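These figures come from a predicted structure and were not determined experimentally.
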Amino acid sequence: MIEIDGVSHAIGGQPILSDVTLRLPKGGVTALIGPNGAGKSTLLSLMARLQRLERGAIRFDGLDVARTPTDRLALKLAILRQETPIGTRLTLRDLVGFGRFPHHRGRPGPGDQEKVEEALALFDLQDLAHRFLDEVSGGQRQRALVAMTFAQDTDYLLLDEPLNNLDMAHARHLMRTLREVADSHGRTIVAVLHEVNYAAAHADRIVALKRGRLAFEGPPGEVLTDERLGALYGTPVTVREVDGHRVALHYA
Amino acid sequence: MQDSRLLALAAALLVLCAAFLTLGAQGDWGFILTWRGARLAALLVVGTAVAVATVLFQTVSSNRILTPSVMGFDALFVLLQTGLVFSLGGVGAAALPATARFALEGGLLMGAGLLLFGTLLGSRRPDLHRMVLTGLILGVLFRSLAGFLQRLIDPNDFVVAQASSFASFGAVDTELLGLAALLSAAAAAGAWVMRHRLDVLALGRDTAVGLGLDHRRAVLLVLVLVAALVSVSTALVGPVTFFGLLVTALAHRLMRTHRHALLLPAAALIAGITLVGGQIVVERLLGLTATLGVVVEFLGGLAFLLLVLKEPQR
């Protein structure tokens, strides 16, 4: 379980998060949604100890992110950020291989190679594995980065906008793969999703942030309504039920 | 395949070293070998120091165009040298054994380097432009301060200070060679021990932290090593601006890898080849009409221009 207690964060005097308290049970896919500037990425980076917690506490299965050594945390949680490794001569296989670093600390064994191949297969990258990072498209790079977090073999995967740069087909495939990762591999996934419909179709629970505060949380079937989403994003939204999923119409 | 390239580089270096020691030798072999041996050792030590320092610095700053000297590291060392003469006086500074002076200056450089660059490089999102600007301005500041101190120094003392800031490849201070070689070897060994962490460091701060690397500690360690290596090269041959860039550019081109286990030895070998080969060319072919420093900096400057002008790599 992820325990987030009274987390507040300010950047340069500007409050980004105000007193956020959440309990995220183990297992399944949780989608973090909200308008721009709501603090979703900040919350995720605080959870992943990429920024220092100033106020409040965050615990993963009892491990306090502020107090637990960073290498121990790297075995418990993996984070996908928007930063791409630049300028290094890395193949996709090399990149995914780095996901094993917390386990082998520089000396990979056969078990590690297996995990890398598993990750490459799961994310459909085997044909591209030998190509260099700067030779593949943005979407392929994105999938490789997600594969790297998967290869890290952690209970928790924190993904900041994993669907960026992905076309329709790849976005759907990635969400389905994340579902499989959660269901068959028993991992817990927390993903910041920009497009609420992917959350509606694949997430077990939704956590909505607005202006640094928790707006609402719960299963999609319950919390995705015209009023709630309209108030959250500040624009009229019509929610329909299509083929058993909620769909938010906010395009016209 | 990459290992064979390393072997080829090592073989080339061995051949050049043998040539350096034996070409055009007339007279007492004992004297020649000792004399040339010391100069060869100095070239190799400086080459290794500059190569490893530049590779380390580029990894920690995620940039292939920066070198410790662009950031003002060696200007800071010269300032420390001048400052020492200024505060102790020429007699006082000359009274200190060269090794003690070197150790003091090196230690101060490590401390100052950590202070200045530790904050810049350890922070959340190291703004490249701010870093480069800061480094350039600091470099100007240190050089100006050193120049100012030199004007204030008693002309007798000034000679002592001048000797240290005008060191060159041709006039290597062999008194320091023993200590410098030791320090160089220790720092290079430190870099070797860190080679896996360096690979992760090169991925960028967020990715490195996500993979469980103690980023801040790793950056500080690297800066200590860089400071030690810059002390060595600056104390032996003075400020060298572009040479490191040439060496790392060639090493990356040749080895085509992200792994420091290959890059570090390759860079050191290429540096050795360039310096020893260059000195042979300067002595035998150019008849000492040019100096090694000029040739090496010229080639390095060209490398810098080429790097700046070509397509930005992703």
At a 4.5 Å cut-off on heavy atoms, which part of [X] comes close to chain B: side chain, backbone, both, or neither?
{"X": "I79(A)", "answer": "side chain"}
{"X": "R72(A)", "answer": "neither"}
{"X": "R52(A)", "answer": "neither"}

Lys/Arg N to Asp/Glu carboxylate O, [X] vs [Y], below 4.0 Å:
{"X": "E161(A)", "Y": "K40(A)", "answer": "no"}
{"X": "K76(A)", "Y": "D61(A)", "answer": "yes"}
{"X": "D206(B)", "Y": "R81(A)", "answer": "yes"}

Original post:
What do the steps show when you test V7(A) against I58(A) for side chain to side chain contact (heavy atoms under 4.5 Å, CB included), and what is the final call?
Top reply: CA-CA 8 Å; V7(A) 167; I58(A) 300 178; 3.7 Å; yes
Subject >> NZ or CZ of R187(A) within 45° of F150(A) ring axis and under 6.0 Å >> reply: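 Output yes; distance and angle both within limits.
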Original post:
Can you tell which of T257(B), D214(B), L211(B), V209(B) has the highest number of heavy-atom pairs within less than 4.5 Å of chain A?
Top reply: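 Counting heavy-atom pairs under 4.5 Å, the top option is L211(B).
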Original post:
Which region of R195(B), side chain (C-beta onward) or backbone (N, CA, C, O), has a non-hydrogen atom less than 4.5 Å from a non-hydrogen atom of chain A, or is it both or neither?
Top reply: side chain
